[in-house]
Protein chains: 2
Amino acid sequence: MLQILGLIGSKWSILIIGQLRDRTLRFGELHRTVNGISQRMLTLTLRQLERDGLLTRTVHPSVPPRVDYTLSELGATLLDSVVALGEWATTHRQEINDNRSRYDATHPRQPPS
Amino acid sequence: MLQILGLIGSKWSILIIGQLRDRTLRFGELHRTVNGISQRMLTLTLRQLERDGLLTRTVHPSVPPRVDYTLSELGATLLDSVVALGEWATTHRQEINDNRSRYDATHPRQPPS
DNA sequence: CGGAATCCCGGGTGATACTG
DNA sequence: CAGTATCACCCGGGATTCCG
């Protein structure tokens, strides 16, 4: 259970699954569309998602190489929840940032001596 | 956006919010019901959730001390997504574990020399 | 193009002990 | 009971370089 949540927990997993919502994407396309992810983390996260069977990895034996990533059926069952999470984050982003600012203002880290 | 997802991302956040689904809990109760969390991580995660305004922390000036944690309105708006995620994890737990085993069996870490 | 390998740092996390 | 403090470690994650 903890491991399963750990998988979902990765913000990168959420973003990647969100990107594959309704289309197949290549490695480079994911790299460009997933904001701020490094090549390393993209590779590692994709491997993990593949291992868990949430997406399928298709290698086209061409030159130059081409690798496609598509949500599996299992991955698709996660879509609704993931999309909901993403929308929640977008919707309440400002509110949360405000809360953080207010909290930080009223809870000084180093109580003034 | 990334920070917001990072917040949700924590498996502990998901589990804690799930526990507070329909009731107020004390620190010790959370410690007992959230499987495998250390006291330290429980404290830190609760602080973070409080900072973001997802839950409210109420200190009762009694002896012994008593601290109650309750979902805020904002936190409640996350409930549906979080609960859905939890149910998904429970439902597909076995399937994912099978996928992992199969993957590991067919993708040796050290290719036999 | 789509990785794998290596180096390296910061911080996330657990264990333990102490406190109001 | 509900934390805080401290130490120590592991690993998530970036930067860089090399490969098929």
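Sequence lines set the chain letters: A, B, ... in the order given, protein chains first and strands last, and positions in each chain run from 1.
- In this model, the phosphate group of D:dG3 is approached by a side-chain N or O of B:R57 to a distance below 4.0 Å at OP1 or OP2.
- For the pair B:I37 CD1 and D:dG3 C1', the interatomic distance rounds to 14 Å; values are reported in whole Å.
- Residue-to-nucleotide proximity on DNA chain C shows that, of A:P65 and A:R47, the 5′-proximal contact is made by A:P65.
- Not one side-chain nitrogen or oxygen of A:R40 sits closer than 4.0 Å to the OP1 or OP2 atom of D:dT16.
- When the C1' atom of C:dA15 is taken as reference, atom CG of B:L42 falls 16 Å away, rounded to whole Å.
- Side-chain contact check for A:L15 versus A:N35: every heavy-atom pair is 4.5 Å or farther apart.
- If you take NZ of A:K11 and P of D:dG12, they are 13 Å apart, rounded to a whole angstrom.
- Between B:W88 and B:H92, the ring planes are tilted. Angles from 30° to 60° get that label.
- In this entry the distance linking CG of A:L15 with P of D:dG13 reads 12 Å, nearest Å.
- Residue A:L25 contributes atom CG, which lies 15 Å from atom C1' of C:dC1 at whole-angstrom precision.
- Not one side-chain nitrogen or oxygen of A:R66 sits closer than 4.0 Å to the OP1 or OP2 atom of D:dG20.
- Listed candidates were D:dG3, C:dG3, C:dC1. Nearest to the side chain of A:V67 is C:dG3.
- Each of B:M41 and A:T43 was matched to the nucleotide of DNA chain C holding its nearest heavy atom; the match closer to the 5' end belongs to A:T43.
- Put simply, the residue from A:N99, A:D104, A:D98, A:T106 that forms a side chain to side chain donor-acceptor pair (under 3.5 Å) with A:R102 is A:N99.
- Distance CD (B:E29) to C1' (D:dA2): 13 Å, rounded to an integer number of Å.
- Looking only at distances, a side-chain donor or acceptor of A:S72 sits under 3.5 Å from a matching main-chain atom of A:L54.
- Contact annotation: the side chain of A:Y69 never approaches that of A:Q19 to less than 4.5 Å [non-hydrogen atoms, C-beta and beyond].
- Where A:G36 and B:G28 meet DNA chain D, the nucleotide closest to each residue was compared, and B:G28 sits on the side nearer the 5' end.
- Atoms CG (A:L44) and C1' (D:dC11) sit 12 Å apart, rounded to a whole Å.
- Taking atom OH on B:Y69 and atom C1' on D:dC1, their separation rounds to 11 Å, with Å as the unit.
- Taking 3.5 Å as the limit, the base of D:dG14 and the side chain of A:Q39 contain no donor-acceptor pair of atoms between them.
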